[in-house]
Structures are given as structure tokens and as C-alpha cells.
There are 2 protein chains.
Amino acid sequence: MEHHVPTVQEDAAGQPEVCRYHIERPVYNEGYIQSQLLHRRERCHPTQRQRLARHVQCSAERVKAAALSFLPILTWLPSYPVKQYLFGDVVSGLSTGVMQLPQGLAYALLAAVPPVYGLYSSFYPVLLYTFFGTSRHISIGTFAVISLMIGGVVVREAPDSMFYIQATNSTDTSTVVDVEARDATRVQLAVALTALVGIIQLALGLLRFGFVAIYLTEPLVRGFTTAAAVHVFISQLKYLLGVETQRFSGPFSALYSVTAVFRDITSTNITTLIMGLVCSFLLYGVKYINVRFKKTLPVPIPGEMIIVIVSTGISYGVGLSDNYGVDVVGKIPVGLLPPAAPHFSLLPSLFTDSFAIAIVGFSMGISLAKIFALKHGYSVDGNQELVALGLCNFISCFFQTFAVTCSMSRSLVQESTGGKTQIAGLLASFVVLLVVVAVGFIFEPLPQTVLAAIIMVNLLGMFKQTRDIPVLWRTSQIELAIWLVAFVASVLLGLDYGLLVAIGFAVFTVIYRTQSPKSAILGQVTDTGLYCDVAEYEEAAECSGVKIFHSNSPIYFANSELYVNNLKERTGVHPMHLQAVRKAQRNLRTRNHKWNSLRKMDAEVKLEMDVGVAHSEVMPDNQVKAYKASTEEDPFLEPLTSIHSIILDWTPVNFIDSVGAKSIRSVIKEYAAVDVQVFIAGCSRTLLSELGTLQFFTGVVTPEMVFPTVHDAVLHSQQQTGPATNHSVL
Amino acid sequence: MEHHVPTVQEDAAGQPEVCRYHIERPVYNEGYIQSQLLHRRERCHPTQRQRLARHVQCSAERVKAAALSFLPILTWLPSYPVKQYLFGDVVSGLSTGVMQLPQGLAYALLAAVPPVYGLYSSFYPVLLYTFFGTSRHISIGTFAVISLMIGGVVVREAPDSMFYIQATNSTDTSTVVDVEARDATRVQLAVALTALVGIIQLALGLLRFGFVAIYLTEPLVRGFTTAAAVHVFISQLKYLLGVETQRFSGPFSALYSVTAVFRDITSTNITTLIMGLVCSFLLYGVKYINVRFKKTLPVPIPGEMIIVIVSTGISYGVGLSDNYGVDVVGKIPVGLLPPAAPHFSLLPSLFTDSFAIAIVGFSMGISLAKIFALKHGYSVDGNQELVALGLCNFISCFFQTFAVTCSMSRSLVQESTGGKTQIAGLLASFVVLLVVVAVGFIFEPLPQTVLAAIIMVNLLGMFKQTRDIPVLWRTSQIELAIWLVAFVASVLLGLDYGLLVAIGFAVFTVIYRTQSPKSAILGQVTDTGLYCDVAEYEEAAECSGVKIFHSNSPIYFANSELYVNNLKERTGVHPMHLQAVRKAQRNLRTRNHKWNSLRKMDAEVKLEMDVGVAHSEVMPDNQVKAYKASTEEDPFLEPLTSIHSIILDWTPVNFIDSVGAKSIRSVIKEYAAVDVQVFIAGCSRTLLSELGTLQFFTGVVTPEMVFPTVHDAVLHSQQQTGPATNHSVL
């Protein structure tokens, strides 16, 4: 074997100083490679017992590492650089805290529980995340999509119709809803659901199942959250208009809700509507200013807080609730509730929903955490994030909270106002605590329409995701399909079933991609050892008598049949037809010498039609003619087709299953019966060992049919036909 | 460029007469290939309108072809070679016909309808299939699995409890079932279900959805049918024992059924049991003889028919029903029923079930049809088979039949007794017709236990499929998992949900395979241009300063993160750590010259730990030392790591989606920031055009980073480092 030294020289084609690609070696096949060329490294595999022992051994270091990974606060708090970080964290914490308040109140409406529970949910989990979380910048707390999902479940399990009582203080016979009993039941449901969400997240985290979030691909999440925004928007319409309608849940609830609101649109409370619209425009303006003058403003203007305070003042001063019939937040008890266990008896009917909420909550959190981690150069641990979220939800639910995750808008504020660590989150939770224990009651006159306005303006970012559609249309139509399916299914079927359908669809797109492979016949680009599609590129020239078949997919149950069909179509060599021709020939020879020449012509014409016409683009005329000429000379000894070898390019084959291996074996046998050799080229070593396990190499199929590269296989197949055809190689 | 001629010569290693692999050319990159080397062929794509016009144009030939494909009988009947085929077809038709009779009666029990409907189902569809079917050898008719699925649905929708009436002719207050009303309702349900199955199959066939059967991979079908055999066996226990129990359906029905039978086992009718067991043993003996002496017997012994006739005679003679309380078939009306439309109002609740039945029925039929077609050298058309089955079921159901497909045992008899075409099926249907219109009533005294025996003995073949388990354990554990999931889910959850779970699982195994790729660092096998895993093979040597990363999977949403993590782990080059080191270095330089040398050493040691210790198996000690030495000389100008280039081997990458492309772009940028170049090698041209659509090649990522082979990329990256390092190439 020659040694080569890469040389640097000027190439005629204009590439300056390219080094040369030079290889000179014998043609290898797998039989030779396995027996002579390559030797497996000896590796001492640890026994099962050693591995187990290593796994369970306990040392001080391991305990310390486990404690640190379970309580990440221990890693950063001791070395907290007070001078550098504290000011930023305080500013950021206060800014985030004043956002938590109105959002907590608003999202409680979405979750169909009284507003004060939103405040609880903005305190306990935020406090806990400081200890368990690995992200330094995300703001844990109430989040629109999760709150809406909780609301959907709660309303389904405890609909208004469960709580109809006879109106007592009026003379008519109409029924009214017992609001107190209803809200108590709904809180119980939300708390039980949150407990289950926490348990699921904790279990997934401890089982190291953080990877489940990967099935939520970006187009899916964006389509899904856009749909969630539609649901949230629809659910807020009635508060904005001051119309009283039932709340729906389940499939098609969005349609029912819109219909219900428009049916009662005549009862719109004009004061409510005006107030809502004014607040929306003001909020939008503030958001715009915050973005526009981001660099000049020291901290973002807390627009939501200002509007809440001002509108509460106006409402209290004018008496909006009593004089204008505007719905207000109503009773907010002061102080925290004593801990109480959630009603575990409610859990069985909530399992599916809580699984959906747990997954969505986690995937929202982790995706945002990763963005910040990448930006600031640290890493987050998906499994620990699951554990942290699970603990936040599970422990907090004993204090009557509903499920939380991180909110995008708040997290952006927390990061942009200079927050460096979760000290900011801790401070934000203290702001909420202060309000809850001291001055919560002042929000009682706050009109619900203001909360609706806050929610709606926060949705704008999500609606902007519809801009994905034209972008995806240009780049990837499969991903556009995922986006649209996630969106449409989630809008129509509700967020839980929608998510399920979307995940199922996303998974099927992967199957679809492997199942509808692009296949091609390859030809060599002269003198390069490179092969590419002859139908696509001018320079690719087929080697005479050899067909190189390429199909960019693994070979397994869902596409093995297609692979074989494509192979026969593309190469134009159908073993069955050839066999029929051969049978006919044999019959003729033994039976009837007289009719021989006539019927042979018939069979040939048939073959020509089968092989030639259908695939005239891949089999040039001269080949057909050559074949015809050869059969006329000596019909019984000549091969049935001018193609003596078929090379399967398996470089793109990542895996093969038993169904695929069986198909390939049977097609090799079929071709062998009509004297066409099949070679396999470009197998990776992993695939080869898989083929070994599948007992692929038995009988007529041998490792000698396998070549490391397509070029090896081509050279081998051409050499086999003898020097006579060698001139037609290139 | 040089031309090369393959030369034949004796190789030193012992391979006789191998030709040489010789390539000598410049190193190419994609930029050069696209601009200079390859030119796309000009192809005139037909416009949308032309394509539409071509699609809808109507010609006599097209009409004829359509008619022939819709009525395949027109293609073979006119040229039917009477002399050659007729005798075989007659023998085969009669043999199959006498099998249809007892199986029809028996499977009607499974479908929970009176036995005579089994006879109807063995006549009409068989007749129709002759005209529409493309397979020449399969025997359409009643089939155990399908019948059981129908029975499950029918019993669920019309349980015994719906038809309790007060016992009239006794003094006690117990309730009895109004058998006549129940059976009438059940027949209606079965017929409606069959109509829907037919419509679904027809629609799928016309929409060319024949491919849906591919999701039913072989291990899945075998696990599923074994589970079906378990269900059938359990459902027959009560007939064999003569115990009267309720029939269950839905999840866990198998457990309930077994429990119910064993609870009442004391009421076993001994006569029934003995008769059943004797028949079973006789039948098994006949089957054994038929297989053992296949070659010497002219036609298989019609064991089932003989036993039916003999046992009917005994039952009639001894009066088994009246004297020994043996359950018999009971009333069989003579003649056919007038056509009647199915009750379409029943359809909505049956949709899911009928979809499952339609798919299972079709996949059973097509798999058997393909086996015979392959054996006898003709082809079957999956879509036309769907149309044929759909028409058989839909048209027949107007004559009160239940859904059919082909039965394996009958088809084997039809083929082995010399059947050449569906003329055999036609004759078999006439045999059934004859019995129905003339002598059906003679089967009235036939004991049900005999039918149970027939069913059970026919199941033996399916139970033998459990032998797959050890075979699959050795060859493919993923496929074993599919088998087991299909089996366990179908036994426990029932056949419908079981099938759904099994298909879902089979699809997820594909995702799992792409999602848990094997990754490796490749090294060159000296002088061959071949690259393989350095951890696996002794001969593979890494090129200094270059890491070649290989991962055998596409890059898409479910694994892109894993890909990037594996890349960083395997290469041992973590951009984040290096960046941190660089930042520390810069801080040191600008802030504190005094402490410079001391802290630099610290940072170095940290880097060494990160890069070296964790990956000592991939980075030899001398490299670490070399790096350390170089940084000591000039800490601020030297690169941060001894690895200057990373090559991503993308030969196994079949497709990439936007999430994957984004990850790769970002990792390229990350590496660029720490002066590590990333090259991509071995992209297929399809993948390149996908990358183009995804706008992958913008900014720092250029086509010049892409090389056609790994060897090109290695040569390029080594040339870039200058001649000084060239000596370490090989």
C-alpha cells in the first residue's frame, strides 16, 4: 500500500491551493474487511455486578453531589457576589413583583377560581423555586395557558349547572348559581389537579424523563400556544363586554363560547366595555413605550400595576359596581390560609388532564430557561427543572395554589431589569406576600374588565406567532403542517386533546419522512469516485450493466415494500417478468422448435415494453437495442437483461428491522434467480452488526456482497464481467 | 484530472485478482461542486394545468384499463385455459366448500349471531370476490379474528341484560333472556357493522389508501393474532364445557370471562365436555395426517365435515339435546333471506370498531394474497383488494351477512388442492348455497361443543406463533417488544384498543430508533480513505487536531438536542467552558497584571479537568501536554484547545428539520467563537437541497464548509493548519 502526502497546489478550475485527494488501494469487501483489515479493540466490559456495585456505591462525594443537584441554591448562594449582583436583583425583583400581582389576579379568572388564589399561586411556588430551580432568570408563577387548561378542567368537573339553587330573594322562579359553593368546589378541584401535576412532574424528573419535552417541537409549541391564545381571548370576551354567559369546556367549547357571547351581546354593559377598551389601549401604549425606549428607561414602566391601581381607585370612588353594574373582583380575604391536604379522592378523573398540564408547563419552563442559559453562559438541568417545578406545584398546593410554570412576559422583565439570580424571584414573592397579608382587600373594587384587558394585551405576543405561517410555508411544509394541525386541533378540540393530536401528528411526520423516501439511480461523476442522481445532474454517468439504487431512508416495516417496489421500478429490472420470459423460453425450447422463433419475438417485445417503455428515462435506447441484438444471436445462453449487477447504496440506511432484512434477502434471491447480482455498498458498521444479529448473512447472502463504498462495489462488479466490458467503465 | 483504468492484480493480503481502487483528484467542497463540477439537468416540468389535463383526460384505453382494474375477472376469465385449470379448480372448490360449511357455523357463534348467518357469510362474499378480487388463491369467507371482533361489538351494544324477561313457564321469579329478540338485534348490529366495514374498505381503496396496512408490521400482526386466539379460546371454553355464562366485552373481558367460566365450572355438562374433547383430538389427528401425508393424499381429508356429519348423526340418533342437555345449533331456516337495507341509524356508535375491523380484515387478506402471488408469480393490487373486500362486505350485508376476510387455513387448502383461479372460490360458494337452500336443516342437532372443537383446533396454528418470542429475543429486541405489547394489550384491553396501542407503540419504536442514535468518533484506517469508530477498531487512528463525529440518525426535533450534547461530549470540546476560560483570561489581562501568571495557571488546570479528565479516553495525554506547553508560552494568542476542526459525518443523516438546522447553526457559531472550525461531510444531495430551503447557508455557515466525503473534509482541515502539522496526518 502506498503512503500519500497531501500536496498543496493550484487547481486549474480556479480553487486556489487545494490539496489533492488521493487513494490507491485494493477493492475491499466486507468479507475481507472483517477477516483481515479491521480488528475489534479488546475492551474489558464490567460485569453486571460490578456495574450495579458502581451504581449503588455511596461516598461522601456522591452524597454531596446529589444534595447540590437537588438543592441548586447551595451551589450559588454561598458565593453570591453581593456588591455586583444585589442591586440588579432588587430592582428586578420589585419590577417582577408588581407584575405578579395583576397577572395573578387575572389568571385566577382564567383558572375559574377566585382572584385571591392567583395571589397565593404567585407567592408559594416562586419562593420554593428559589431553592430548587437551576435557571437564574425565569420568573415562575401564574401563566395564561396553564391557567386556562386548569379552568377548562375545573369547569368541566364542576359546571354551573351543578350549583343551581332557587332564587330566594326574588319572586320569580328562575334559578341562580350558588357562587360560594361553586367556587369552593372549583378551588378544591384546581388544588387537587395541581397536586397531581406536581406529582407527575416530580416523578418524571426523578425517573430522568426530562426528555419527554423533546416531542414538543417548536412549530407544535407555537401552534399550540397560538391556539391557547385564541381560547384565552374568547374566554375573556365576556368579561370585556360585561356579558354573563356560561363557561364551556371540552371539544368545540371555543365555538360554543363565541356563540353564547354573541347571542347575549345586546346585554353588553357599556361602562365595562369602555373601561376595558381604554385600559387595553393604555396597556398597549405602555408596552410599546417599554420596548421602544428600552435602552433609555432604567426600569420598564409597570403599566399593569398603574392601571390596576388607578382603575381600582376610580371604581371605588365612582362606585362602578353598585351604580353601573360593572363586575368587580369582589371579596379578597386578608392573610394566608392554613395548610390543608388536597382532596385526593378527586384525582382519578383528572389524570389525563394533569398529564397534559404537567408536560405543557414543563416544556414552557424548560424552553425559556434554555434560552436564558444559552444567553448568559450557564446550563440548566432538564430533570432538575422537572423536580423543581414538581415540588413547587406539589408543596404549594397544600396552601391552596393552582399549577404554575414560568411566564414569558415576566421572565423577560426579570432578566432585562438586571436580575442575576433567583434572589430576584425571592423578592418578587415577598412583594406578593406583603400585599396578601396586608393590603389585598384594596383590590376588591377592581373591575374584572381591567383584568381581561391585562390578559388580552399579554396575548398579543402569542398572536404574533401566526407570522410563522408564511415563513414555514417557504422553508418546510411538513413543519407548517405540524403548526397548523396543532393550532386547529387545539382550537377545535380543546387544549388537551389538541395537544395529543398534535403530538401524534408530529410523530407521524417522522414516519412519513422515512416512509416516502426519495429514490434515485446514481451515476459516477467521472474520475471523482462521487456518485449522484443521473436524472438530476448532467455529469453523472451510469456505468454500463450496473444500476446503483439509492433511497434516503432506513429500511423497516413501514417502507420495506416500497423500497423493493422502487428498486424494481427505478432499475427497470423486474425479476418476475424476466422469470416469465425465461419460463416461456424454456417451454418453447422443450415443446415446440417450430414456433420457437416467432414466440420468442413476442416475449421479447413484451419484455421490451415492460422494461423499456415504462422506464425509458433511465434506460437509454441503445441498451434496449443491445439487449435485443444479443438475445437474437443466442436466446438461451445470454443473460435476460443487459443489467448484470445492481448496487444498493446503503449509506443513508440508519437501521433495518427484521421485516426490512427479510424483504432485502428475498429480493436478492429473486434477482439471483435471473442472474442479476446484488451488491450492498456503504453500510455503516452499526448497521452491519444489526444485520448480523438479524441473521441476514446466511445462504446466498454473504458478507462478500457488501462493500465499504459505492465505488468499491462498482469496480468489483465491473471487474467481474471481465476485461471485455472494462472500456465502458467511465 | 487523470483518467484511471481499473487494473486486475494479485493482492498481497491474499484476495485473488482484486482490482485496485484508485482516485486522484482535488479536494472538493460544496461551494466548488455547486458552482463548477455539477450542473443540473434542464427538465421541462409540466405546468399545473397540463398535469391536471393529463390527469383527467378520457380515452377509450383509459376507460378500458379502469374497467379491467375494477373487474379483474375480465382479464383472466376470457383466456381461462379450461383443460389445464378446470380439474384443479373443481377439486379445490369442493374441498374448500366443505370447509366453509362447518367454519361458517362455528364462526357465527363467535360473532354472536345464529349459525345460519355464518352460512350466508360463506356464500355471498365468496361469490362477489370472484369478480372483484385480484388474488387467485385466497379463500374469502368467515374468519375467527374478525368474527370475534364483531361478536365483541355486538355483545357490547346488545348485552344479555337488555333482553331479560320474566320467566313465564315457571313459578320462580328468575329472569331469562329473550333469545329471539336478542338474536334479531344482534344480527341487525352485525349487519350494520359489516356495512360500515365495507364502506370504509371501499373508501380507503378508492382513495388509494392501501398502504395503511404497512403500519401493521409482522411482529405486530403475529402478536395481535395470538392475542385474538387467546380471546377466541376463552370465548369457546363455555361451549366446550357446556357452562352457561354471560358474554363479556371491552377491556379486561378476557379476565372476566375466565373468572365467570371457572365460577360455574361445577355445572359442567360431562357429555358436552367429552364430546368436545373427542372431536378435538380427532380433528387434530386428521390435521396431523393431512400435513404428514400431504404428498400421498390426493385431497386433504375433510375432517371438519366428517366430524360435523357424524356428530350430527349421533346427536340426532341419541337425542343429545333432549336427553343429555347438550346445547345444539338449533333452528336453521331453509333458503336465503330477501335483501334488506342495514339499519344505518346504528352506525354512529360503531365507527371506531368498524375501522379496526376493516383494517385488520384487509391486512389479513393482503398479507396472505401477497404470499401466494409471490409463490405463483403474479401480482396483487392492494387498493383493488381493498375495493374488492369492501364491495364483498357492503353488498353482502344487504343479504344479512357479517364481515369477512380470507381465512388462512381455508386458503392453504384451496391452494394446495390445486386451485388455480377464483373459479375454485366460486364453486365453494355454490357448495354452501346448495346446503343453505336444500339441506341446512340437517345441521340442527349439531352440538355446539363440536363447533367449539373445530374453532379451537383451528387456533393451534396461531398459538404456535408464541415460538416467535425466543427467535425475536435473539434477533431484535425492539420487535420482540412490539410483539409483546401487541399481545398483552390485545389480550387485556380487547382487540380494538389493543390494536390501537400496538400501532402507536410500533410507530414510537421508529422514533425511538432515530432518537437514541449511536454516536462515535471516527478515525481513518490508514491509507484506505475509510473511517470507523476509534473506540471499536484497532486500526482506526484519529487525525491530530481533528475530531470526526458520527451519529446514525436524522437530525430533527426529537433528537437535535441530544445530537449537540453528544457532539460536545464525544469530542470533548465544550465551547461554553472554553469561552469561560477565555473570559477569565481577558479579565485577568485587563485588570490585574500582578496576579496574572498565578490565576492563569488556575484557569488552565480547570480547563484541563474539563477537557482532559472527563474524556481522557478520546484525548491522549500528549495532546493535553502539548496544549499546556503551548498556552504557557503565549497564553493570549494560542487557541484554547488542541482541536482546531470538528467534522460532522452526515452520511447517515436522511433528513433535517428546522429545529435540527437551527441547533446545528447555533453549535457552529458557538464553536466559531472559540476558534474551532466545523465542517460537514457526506451530505446527500437531497439533504443539501433541504438545507437550502431551510436557509441553512447564511451568515457564518457557507457551502464551503460542506465536503462530499469525510476524507475530503479531513484533507481540507489538515491542509488549513499548514505544512507544519502535515506529518501527523496518517
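Here is the naming used below: chain letters follow the sequence lines, and residue numbers restart at 1 for every chain.
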- Task: Could you note down all residue pairs passing salt bridge (Lys or Arg N to Asp or Glu O under 4.0 Å) where residues 650-662 of chain B supplies at least one of them, sequence neighbours left out?
- Result: A/Glu218-B/Lys662

- Query: Of all heavy-atom pairs between B/Asn654 and A/Ser553, which one has the smallest distance, and what is that distance?
  - Reply: ND2-CA, 3.8 Å

- Grab the two heavy atoms, one from B/Arg513 and one from A/Glu690, that are nearest each other, plus how far apart they are. NH1-OE1, 4.2 Å

- Task: Determine the option with the most heavy-atom pairs under 4.5 angstrom with chain A, choosing from B/Gly529, B/Ser560, B/Pro652.
- Result: B/Pro652

- Cut-off 4.5 Å, heavy atoms of chain A, and the answer for B/Tyr537 is both

- Message: Are A/Tyr556 and B/Thr217 packed together at the side-chain level, in the sense that at least one heavy-atom pair is separated by less than 4.5 angstrom?
- Response: no

- Message: Checking the side chain of A/Glu24 only, and the main-chain atoms of B/Ile23 only, is there a donor and an acceptor separated by less than 3.5 Å?
- Response: no

- To the nearest 0.5 angstrom, please state how far the OG1 atom of A/Thr509 sits from the CZ atom of B/Phe557. 5.0 Å

- Item | Closest non-hydrogen atom pair between B/Arg474 and A/Thr693, with its separation | O-CG2, 3.4 Å

- Task: Please state whether the side chain, the backbone, both or neither of A/Ile656 comes within less than 4.5 Å of a heavy atom of chain B.
- Result: backbone

- Note on the structure: Bottom line for B/Thr709: the part with an atom under 4.5 Å from chain A's heavy atoms is side chain

- If you measure from CG on B/Asn552 to OG1 on A/Thr686, what distance do you get to the nearest 0.5 Å? 5.0 Å

- Note on the structure: Minimal heavy-atom distance between A/Pro708 and B/Leu530, with the atoms involved, is CB-CD2, 3.8 Å

- Item | Inter-residue atom distance A/Ser684.OG - B/Lys518.NZ, 0.5 Å rounding | 9.0 Å

- B/Val525 portion near chain A, given a 4.5 angstrom heavy-atom threshold: side chain

- Message: Less than 4.5 Å to any heavy atom of chain A: does that hold for the side chain of B/Pro219, its backbone, both, or neither?
- Response: side chain

- Residue from A/Val659, A/Thr475, A/Ile478 scoring the most non-hydrogen pairs under 4.5 Å with chain B is A/Thr475

- Item | Separation of B/Trp650 CH2 from A/Thr651 OG1 (nearest 0.5 Å) | 15.5 Å

- Any chance you could measure A/Cys532, atom SG, to B/Arg685, atom CZ, to the nearest 0.5 Å? 6.0 Å

- Please list, chain by chain and in numerical order, all residues satisfying side chain to side chain contact (heavy atoms under 4.5 Å, CB included) with B/Glu538, sequence neighbours excluded. A/His39, A/Arg41

- Query: Which bit of A/Ala540 comes within less than 4.5 Å of chain B, counting heavy atoms only: side chain, backbone, both or neither?
  - Reply: backbone

